[in-house]
Peer 1: 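Just passing along the structure, written as C-alpha cells.
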Protein chains: 2
Amino acid sequence: MARSTSGESVLTRTMRILGAFSTVSASLSVAEISRHADLPVATAHRLVGELVALGALERAPDKRVRVGYRLWEMASRSSPARDLGRAALPYMEDLQAVVREHTQLGVLEGADVLYLERLSERDAGRNLAEIAGRLPLHATSVGLVLLAHGPPELQERVLSAPLRRHTPYTVTDPERLRRVLAAVRRDGYVIAPRTMTEDAVGVAAPVRDHDDRVVAALSVVVPLRGATAPRAHVPALLAAARGVSRAMGAPVRGGDVVHTRGPTRPAPTGAGAEPGPVTPSRPRTGACAATETSH
Amino acid sequence: MARSTSGESVLTRTMRILGAFSTVSASLSVAEISRHADLPVATAHRLVGELVALGALERAPDKRVRVGYRLWEMASRSSPARDLGRAALPYMEDLQAVVREHTQLGVLEGADVLYLERLSERDAGRNLAEIAGRLPLHATSVGLVLLAHGPPELQERVLSAPLRRHTPYTVTDPERLRRVLAAVRRDGYVIAPRTMTEDAVGVAAPVRDHDDRVVAALSVVVPLRGATAPRAHVPALLAAARGVSRAMGAPVRGGDVVHTRGPTRPAPTGAGAEPGPVTPSRPRTGACAATETSH
C-alpha cells in the first residue's frame, strides 16, 4: 500500500477526502478539501484529480467538487441501507399516509443515529433528521431505541460521557437515561417529547432482522401540539415496524410487535391496529423520556 | 500514486472492487470479488482488508463482504442524487398517492438510466427499475426523456449502435427512435407502452435545474390494462415534474410544464391539474413510443 511521508495509505487519505463533504458542505473547492481533510493541497489536488477521472467525484463548471453519481451508485446498490430501505419504504408510506408529518428510519453508526430514509409532508413541522445525516443517540427517539438494544459497551460509553442537553427536556442524567432505556426494552417503543427540538415529539420502535436482532428503528416525528396525541400513533408505528421486521425476515413473535395473520397481510395502520398486544405492560404509559425528565 | 505491476493505481483497483458489487450480488466473498474485479486474490484480500478497516466495506460473520454504512453515508450526503431526491420526494409522494402503482426518478449516467428514487405500492405490478439500478435509455420512458434532452453526441452514439429489442414494442429502428425523441422535446413528455416489459406502460417528463437544463426525469409506471388510462396520468405527472423543477431552482416557464401561481403553492396532482396548458400541441396524442412502433 502506498504511504505518504506521514505513513498514511492512499485509501486512508481518500476516506479523509470523502469525509470532508457533509450535508451542509456538499460541494467543496480543492483548497477546502485539503483544509477539511488536513492534507497538503498538492496531495488533495492529485487524489481529487484521480477520483474525478474515476467518476468517484465530479467537478462542476465552477471547479467545485462533489461526490459523483458513480460512487453513489456503487455505495447504494450493495449497502445494507438498500435492503432496509426497500423493506421499510412501503410500510413507511402507509404510516406516513396516516401520520402526515415525518416518518423516518435510522440505524446505529458509531455512537450516532444515521438516518437512511425519511418521508415528510411538504408543510410538516421542523425535523433535524436528514437522509444520510446523523443525530445523537440520547436526544432522539430513534437513538433511544437503538441505544436500548445496542451493545452494552456502547451503552456504558454513552452513559459515562457528558451528555449534551439539546433542550431542557433532553435526558442527560445517566441514571434517568438508564431507566428510559430499560423501559424501551420492556415496552417495545419510546415516546421522546421535545428531547431534540422543543416543538417536536418523536415516537420510535425497533426493526429486527432474520436473527431477531434490532438493526434499525422506525419513528414518527409530530408537532408538540398536533391534532393527534403522539401516543395515538403508537399502534400504527408498531404495526409498521412489525411489517418492516417481517420483510427483513424477522421471526414472528408477540411482545413488542402486533400479532398479524401471516406474511402476506399488509401491516395495519391507523386506529385499526389493536393496541392490546402492542405493549405488554398496559396500563403503563410506556417508555417516555418526558416522564423521566419532568420529575 | 502506488501502481501494481499492471500499472493500475490503488484507487483504480479499489473502484474495480466496489464495481464488483451489484444489486443482485450485494455481498461477495473475497474470492468472488477478485474474480469480478479481475484482481489477484492476494491483491483483493489486501485491499478489502484495508477497506473494511476504514469502514468503507463491512465483513459479515459469514466472512462475506458488502458496502458499509460509512461509505453509503459519505456517498449519499454530498451526491447530486441527494439534492434531487430531497426536491423530488414530496412531489413523488403526492403523485404516488394518486397513481398508486410506481413513481420513480432517474438521471442519465453514462449511456444508461440510473434510478435515484422509487415509490411503489406493495401490490403494484412488475417494475424492473430499482433504486441505484440501471436500465437502457431507449427502452424506458425515463430514458427516452433523458436521451431526448441529452448531448447530441450521446444521441448519435445510441442511435448508431444496435438497439436491443426488450419486447416487440421496444423502439429499435434509429429513424423511428429519432422521431420519438423529437416528439418528446416537442410535447414535454413521453408515453412508452410495453417497451421494457410487455405488461407495463411508462409515462415520463423532464425535471430541470436552475440553469433550465434537464437533469432528471420523473415517471409513473402503470399496468397495461389498469383502471386508469396511462394518458390520464400526464397532467399530474407534468405538475409534479414542474414542482420538482421549481424546487431545483428552475426558472418559471410555460411550454412543457403547468403554469402555477407561485413558488409556495403545492404542485397540483390528479384530475385537478388542468391538462390545457400541459401539452402545447393538443389535440396531438403526445410523444408515444407505441404509435411509433405500431405502424
Side-chain angles (χ1 to χ4, degrees), chain A residues 1-3 9-12 14-15 18-19 21-23 25-28 46-47 50-51 54-56 58 66-83 85-86 89-91 93-94 96-97 107 109-110 114 116 118-123 130-134 266, chain B residues 1-3 9-12 14-15 18-19 21-23 25-28 46-47 50-51 54-56 58 66-83 85-86 89-91 93-94 96-97 107 109-110 114 116 118-123 130-134 266:
Chain A
M1 203 89 334
R3 300 196 174 276
S9 74
V10 169
L11 291 180
T12 304
T14 299
M15 289 293 277
L18 295 179
F21 297 91
S22 72
T23 54
S25 57
S27 90
L28 298 168
R46 192 181 67 248
L47 286 173
E50 194 181 5
L51 290 165
L54 291 166
E58 289 176 356
R66 67 184 305 170
V67 168
Y69 279 126
R70 181 81 184 118
L71 185 61
W72 175 85
E73 174 189 16
M74 293 193 297
S76 300
R77 69 188 177 188
S78 74
S79 163
R82 189 168 172 282
D83 298 350
R86 281 162 58 99
L89 271 174
Y91 295 95
E93 286 161 38
D94 290 343
Q96 174 66 6
V107 296
E109 174 64 14
L114 174 63
L116 304 186
R118 168 181 156 180
L119 300 178
S120 297
E121 288 288 292
R122 207 178 298 103
D123 59 354
E130 293 186 291
I131 291 173
R134 296 183 178 223
Chain B
M1 206 85 335
R3 301 199 174 272
S9 74
V10 168
L11 290 180
T12 303
T14 299
M15 288 295 276
L18 294 179
F21 298 91
S22 72
T23 54
S25 57
S27 91
L28 299 168
R46 192 181 67 246
L47 286 174
E50 194 182 4
L51 290 165
L54 290 167
E58 289 175 355
R66 68 183 306 168
V67 168
Y69 279 126
R70 180 84 184 114
L71 185 61
W72 174 85
E73 174 189 17
M74 294 192 297
S76 300
R77 68 188 180 189
S78 73
S79 162
R82 187 167 173 283
D83 299 348
R86 283 162 56 100
L89 270 174
Y91 295 94
E93 286 160 39
D94 290 343
Q96 174 67 6
V107 297
E109 174 64 14
L114 174 63
L116 305 186
R118 167 180 157 182
L119 299 178
S120 298
E121 287 288 292
R122 209 179 296 101
D123 59 354
E130 293 186 290
I131 291 173
R134 294 183 179 224

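Remember, predicted model here, so these are calculated numbers, not experimental data. Chain identifiers are assigned alphabetically (A, B, ...) following the order of the sequence lines, protein sequences preceding nucleic acid strands; residue numbering begins at 1 within each chain.
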Peer 1: Go through B/G55, B/P90, B/A97 and name the one with the most non-hydrogen pairs under 4.5 angstrom from chain A.
Peer 2: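 Of B/G55, B/P90, B/A97, B/P90 has the most heavy-atom pairs under 4.5 Å with chain A.
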Peer 1: Show the nearest heavy-atom pair for residues A/Y69 and B/A81, with the distance to one decimal.
Peer 2: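 Scanning both residues, the minimum pair turns out to be CE2-N, 3.6 Å.
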Peer 1: Heavy-atom distance under 4.5 Å to chain B: side chain of A/S120, backbone, both or neither?
Peer 2: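 Looking at A/S120, just its backbone touches chain B.
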Peer 1: Please enumerate all residues that pass side chain to side chain contact (heavy atoms under 4.5 Å, CB included) together with A/A56, with sequence neighbours excluded.
Peer 2: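 Testing A/A56 for side chain to side chain contact (heavy atoms under 4.5 Å, CB included), a comparison that skips the adjacent residues, returns A/L51, A/L71, B/M15.
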Peer 1: What part of B/L119 is in contact with chain A, defined as an atom under 4.5 angstrom from a non-hydrogen atom: side chain, backbone, both or neither?
Peer 2: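 Contact with chain A: backbone and side chain both.
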Peer 1: Over all heavy atoms of both residues, which pair between B/V67 and B/W72 is shortest? Give the atoms and the distance, please.
Peer 2: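 Reported closest heavy-atom pair: CG1-N, 4.5 Å.
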Peer 1: Please identify, among B/R86, B/E121, B/R118, B/E93, the residue contributing the most non-hydrogen atom pairs under 4.5 Å to chain A.
Peer 2: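 Top option by heavy-atom pairs under 4.5 Å: B/E93.
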Peer 1: In terms of heavy-atom pairs under 4.5 Å, which option from B/P80, B/A26, B/S76, B/A75 contacts chain A the most?
Peer 2: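 It is B/P80.
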Peer 1: Can you name the side chain to side chain donor-acceptor pair (under 3.5 Å) partners of B/R134, sequence neighbours left out?
Peer 2: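 B/R134 satisfies side chain to side chain donor-acceptor pair (under 3.5 Å) with A/E73, B/D112 once adjacent residues are dropped.
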Peer 1: Please flag which part of A/L54 lies under 4.5 Å from any non-hydrogen atom of chain B: side chain, backbone, both or neither.
Peer 2: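 Both backbone and side chain of A/L54 come within 4.5 Å of chain B.
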Peer 1: Taking side chain as everything from C-beta outward and backbone as N, CA, C, O, which of these in A/L116 sits under 4.5 Å from a heavy atom of chain B? Side chain, backbone, both or neither.
Peer 2: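 Interface part for A/L116: both.
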Peer 1: Could you look at B/L114 and say if it's the side chain, the backbone, both or neither that has a heavy atom under 4.5 Å from chain A?
Peer 2: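 Contact with chain A involves the side chain of B/L114 alone.
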Peer 1: If you count heavy-atom pairs within less than 4.5 Å of chain B, which of A/E58, A/Q96, A/R66 leads?
Peer 2: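 Among A/E58, A/Q96, A/R66, the one with the most close pairs to chain B is A/R66.
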Peer 1: Among A/T23, A/I131, A/T14, which has the most heavy-atom pairs under 4.5 Å with chain B?
Peer 2: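 Top option by heavy-atom pairs under 4.5 Å: A/T23.
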Peer 1: If only atom types and distance count, is the side chain of A/S25 paired as donor or acceptor with the main-chain N or O of A/F21 below 3.5 Å?
Peer 2: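 No, the answer is negative, given that no donor and acceptor are paired below the 3.5 Å cut-off.
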Peer 1: Calculate, to the nearest 0.5 Å, the distance between atoms CG and OG belonging to B/D83 and B/S78 respectively.
Peer 2: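 Answer rounded to 0.5 Å: 9.0 Å.
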Peer 1: Answer yes when B/E130 and A/R77 have at least one side-chain N-carboxylate O distance shorter than 4.0 Å, and no when they do not.
Peer 2: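 Salt bridge flag = no for A/R77 with B/E130.
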